[in-house]
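First the structure, in the form of structure tokens, and then the observations on it.
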Protein chains: 2
Amino acid sequence: MSTSDAPTGYHHGDLKRALLEAAFEMLDAEGTDGLGLRELARKVGVSPAAPYRHFRSRQALLEAVAIEGFRRFSAMMEAKQAHTPEPRQLVAMAEAYVRFALVQPALFRLMFSQQVDKRANKALHQAAVDAYASLAKAAAREVPEAPSEGAVIAWAFVHGLSMLLLDDQLLGVSPQNSDSLIRNLAQRFVAGLRTGVAPNPQVR
Amino acid sequence: MSTSDAPTGYHHGDLKRALLEAAFEMLDAEGTDGLGLRELARKVGVSPAAPYRHFRSRQALLEAVAIEGFRRFSAMMEAKQAHTPEPRQLVAMAEAYVRFALVQPALFRLMFSQQVDKRANKALHQAAVDAYASLAKAAAREVPEAPSEGAVIAWAFVHGLSMLLLDDQLLGVSPQNSDSLIRNLAQRFVAGLRTGVAPNPQVR
DNA sequence: ACCTGAACACCGTTCAAGT
DNA sequence: ACCTGAACACCGTTCAAGT
């Protein structure tokens with residue numbers, strides 16, 4: 001029973017995939033700092049040196065996790081866009097952005113942390129750029145006179161709101177539950193984006 | 001010469017202060033992860049166990065640094081407010097917020113990281129709340145119909161912009177230097193805040 | 001080709017012991 | 001009261017050696 005199905009001497013026949021899966025499981029349980037290569041090897045049932053056959057370093061493993069995180073994030077954002085009628089797209093995507101951060105806090109933090117290096121890792125950089133694209137497009141549509149500025153402002157808002165919520169920084173601000181708080185803020189923000197961001201601001 | 005001025009057997013007569021000063025020096029040079037208790041002890045010329053006379057743990061030391069960071073941040077923000085005529089206060093403070101993050105990136109990151117625990121450390125929580133107050137007041141003044149929402153939206157924007165800049169996430173977005181980029185975005189954002197955030201948003 | 005075992009140079013933290 | 005020295009239980013990483 002047990003030995004007949006086992007492909008080789010060890011696990012799944014694919015240690016790299018097994019390590020990544022274990023890393024995702026461990027991430028939100030222990031946080032990024034608790035995600036050690038030794039502990040990961042232990043969990044998968046392999047020696048401390050074995051992961052180095054598949055990842056050059058702990059950082060490389062974290063970057064692989066972050067890339068997969070950005071891909072899931074992009075897929076979620078694009079699905080949200082596809083399932084929402086156009087006038088409400090930006091609000092819906094803003095809410096989805098923040099909710100992703102709240103549902104997978106450690107993964108979200110890792111994706112935007114200095115522990116992964118987007119300058120050195122081209123695949124990671126591309127995954128991050130792709131993740132930005134869908135939100136940016138929806139935001140730019142709301143501010144056709146200044147599309148790139150509108151996109152960055154929208155990104156900054158949703159990213160900042162996510163970070164402040166993750167850091168428990170908004171506890172004293174509102175008694176509402178986070179769902180309605182997020183919706184309320186997103187609607188107000190988008191309304192402001194539509195009406196006021198576009199005109200060229202006075203320099204003084 | 002050398003022994004006559006030395007107060008006691010060791011440094012300054014105040015190891016706690018010496019450790020904190022060394023921590024601030026090391027922060028932006030090495031980042032928070034490079035800020036180890038042993039290395040700190042080495043730098044100050046003391047045994048690895050000595051810091052534990054003054055800080056219960058490495059985390060406690062980091063929280064002391066974060067508290068001091070929030071105090072400097074608050075002082076800077078209030079000075080900015082005091083030196084700026086009212087109609088331009090919010091834009092000026094938004095710029096100052098982002099610039100603080102860019103000038104002391106590791107300190108700013110530490111202040112808003114999960115490495116310090118605002119739920120467990122009351123002094124830290126208070127320092128963070130105080131830092132929020134001045135920006136929130138200026139933002140609420142711009143949106144009298146919805147002051148708390150306006151304050152949170154403004155905070156989210158400046159915080160998100162800071163984080164995205166620190167993470168090198170905005171590199172491909174604009175060719176401008178960061179000073180004029182920040183100013184441009186802050187002006188547009190505040191214009192939108194003034195004109196569009198206040199009205200009660202429609203639910204659909 | 002892929003993994004093990006043992007080692008190296010580190011950590012944070014504790015604790016008896018010194019002054 | 002404050003600090004040292006030595007130890008404990010960990011890390012990430014390397015490297016010879018096994019199969």
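Chain letters run A, B, ... following the sequence lines, proteins first, then strands; residues in each count from 1. Just so it is clear, the structure is predicted and the values come from calculations on it, not from any experiment.
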- Message: Stem finding on DNA chain D, please: runs of three or more consecutive Watson-Crick or G-U wobble pairs, both distances under 3.5 Å, sorted by first number.
- Response: C:4-8 with D:12-16, C:12-16 with D:4-8
Can you give me every donor-acceptor pair (side chain of residues 33-48 of chain A, partner residue at least two apart or in another chain, under 3.5 Å) with its distance?
| from | atom 1 | to | atom 2 | distance (Å) |
| --- | --- | --- | --- | --- |
| A:Lys43 | NZ | A:Glu25 | OE1 | 3.4 |
| A:Ser47 | OG | A:Ala49 | N | 3.3 |
| A:Ser47 | OG | A:Ala50 | N | 3.4 |

Atom pairs and distances, donor-acceptor, side-chain atoms in residues 104-115 of chain A, under 3.5 Å, two or more places apart:
| from | atom 1 | to | atom 2 | distance (Å) |
| --- | --- | --- | --- | --- |
| A:Arg109 | NH2 | A:Asp167 | OD1 | 2.2 |
| A:Ser113 | OG | A:Leu110 | O | 3.2 |
| A:Ser113 | OG | A:Gln115 | N | 3.0 |
| A:Gln115 | OE1 | A:Arg58 | NH2 | 3.4 |

- Query: Quick one: what's the B/S/- string for nucleotides 8-19 of chain D, heavy-atom cutoff under 4.0 Å, read 5' to 3'?
  - Reply: ---BBBBB----
- Item | Whole angstrom value for the distance that separates P of C:dC2 from CG of A:Asp14 | 10 Å
- Message: Under 4.0 Å from OP1 or OP2 of C:dC3: is there any side-chain N or O of A:His54 that close?
- Response: yes
- Does the side chain of B:Ile182 come within less than 4.5 Å of B:Leu102's, by heavy atoms? yes
- Just wondering, do A:Leu20 and A:Leu61 contact through their side chains at under 4.5 Å, heavy atoms? yes
- Query: Which residues pass the side chain to side chain contact (heavy atoms under 4.5 Å, CB included) test with B:Ala96, sequence neighbours left out?
  - Reply: B:Met76, B:Met77, B:Lys80
- Item | salt bridge (charged side-chain N to carboxylate O under 4.0 Å, His left out) between A:Glu21 and A:Arg17, intermediate numbers included | CA-CA 6 Å; A:Glu21 278 172 16; A:Arg17 185 179 307 272; 5.2 Å; no
- Residues pairing under salt bridge (Lys or Arg N to Asp or Glu O under 4.0 Å) where one sits in residues 120-132 of chain A, two or more places apart or in two chains, turn out to be none
- Task: Would you mind reporting whether A:Leu161 and A:Tyr97 have side-chain heavy atoms less than 4.5 Å apart?
- Result: no
